[in-house]
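Here the structure is a predicted model, which is why all the values come from computation and not from measurement. Worth knowing before you read on, the calculation uses all heavy atoms, side chains too, and leaves out hydrogens, waters and symmetry mates.
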Amino acid sequence: QVQLVESGGGLVQAGGSLRLSCAASGRTFSSNAMGWFRQAPGKEREFVAAVSWSGGSTYYADSVKGRFGISRDNAKNTVHLQMNNLKPEDTAVYYCAAHRSPFGTRVIGEYDYWGQGTQVTVSS
C-alpha cells in the first residue's frame, strides 16, 4: 500500500519557522517529482512548491518564494518543506503529493498520490 505521511505541522507565531516532512512508503518515488500543496478553510487547494526527481529543479508559488524551501532525500524516500518568516495567511492544511512525471508542475490533477495533510497555524 502506497502511503505519503506528512509531519511537522503545528502552531507558530508570525515570523517563526516550521519544517514539514513527508515520508513515503510502499514504493519509491525517486523517479517522480514531489510537491506540497495547501488548503485553507473555505478555499481551494493551491500549489506551494515542487521539486524534480533529482532535487535539481524547484518551483514555488509567488506567495512563498524567498520564504519556503523544498528539498528531498531519495535515499530516505522523504521530502521536506522548510517554511521561514511565516505569516497568518500561511495557515492551512499542508499536503504532500507525488507527481506522475520526473518534473513537477503546479497542476493539481497531475499528482497521483496524496498524503492526509498536516495542519499549520500561524498566529498574528
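- Residues S17 and Q82 are in side-chain contact: their nearest non-hydrogen atoms beyond the backbone lie under 4.5 Å apart.
- In this structure, Q13 CD and L11 CG are separated by 8.0 Å, a value rounded to the nearest 0.5 Å.
- Judged purely by distance below 3.5 Å, without hydrogens or angles, the side chains of E89 and T91 never pair a donor atom with an acceptor atom.
- Here the side chains of P102 and S31 are not in contact, with every heavy-atom distance at 4.5 Å or above.
- Pairs passing the ring-ring contact (aromatic ring centres under 6.0 Å, His included) check and including a residue from residues 18-44, sequence neighbours excluded, read F29-Y113, F37-F47, F37-Y111, F37-W114.
- Under the side-chain contact (heavy atoms from CB on, under 4.5 Å) criterion, T58 pairs with V51, Y60, I70, sequence neighbours left out.
- Nearest heavy-atom pair, G117 versus E6, reported as atom, atom and distance to 0.1 Å: N-OE1, 2.9 Å.
- Salt-bridge check for D62 with K65: passed, with a basic side-chain N closer than 4.0 Å to an acidic carboxylate O.
- Residue pairs meeting the side-chain hydrogen bond (donor to acceptor under 3.5 Å, both in side chains) criterion with at least one partner in residues 40-52, sequence neighbours excluded, are R38-E46, Q39-R45.
- Both V122 and V48 are assigned to one and the same hydrophobic cluster, defined by single-linkage of ILVMFWY side chains at heavy-atom distances under 4.5 Å.
- Cluster membership check: V79 does not share its hydrophobic cluster with W53, using side-chain heavy-atom separations under 4.5 Å among Ile, Leu, Val, Met, Phe, Trp and Tyr.
- A donor-acceptor contact closer than 3.5 angstrom links the side chains of H80 and S21.
- Contact annotation: the side chain of M83 approaches that of Y94 to within less than 4.5 Å [non-hydrogen atoms, C-beta and beyond].
- When atom types are taken as modelled, the side chain of R106 and the backbone of A50 share no donor-acceptor pair closer than 3.5 angstrom.
- Side chain of D90 to main chain of K87: a donor-acceptor pair is present (N/O by atom type, distance under 3.5 Å, no hydrogens or angles).
- Linking ILVMFWY residues whenever their side-chain heavy atoms come closer than 4.5 Å, directly or via other members, places F68 and V12 in the same cluster.
- Side-chain contact check for T105 and E110: at least one donor-acceptor pair (N or O, by modelled atom type) lies under 3.5 Å.
- Rounded to the nearest 0.5 angstrom, M34 CE and S71 OG are separated by 11.5 Å.
- With hydrophobic clusters built from ILVMFWY side chains whose heavy atoms lie under 4.5 angstrom apart, F103 shares a cluster with I108.
- Counting only heavy atoms from C-beta outward, the side chains of L4 and C96 approach each other to under 4.5 Å.
- No side-chain heavy atom of L81 sits less than 4.5 Å from a side-chain heavy atom of R19.
- The two residues R100 and D112 come nearest to each other via the heavy atoms NH2-OD1, 2.9 Å.
- The closest donor-acceptor contact from the side chain of N32 to the backbone of H99 lies under 3.5 Å.
- Residues L20 and T118 have side chains in contact (heavy-atom distance under 4.5 Å, counting atoms from C-beta outward).
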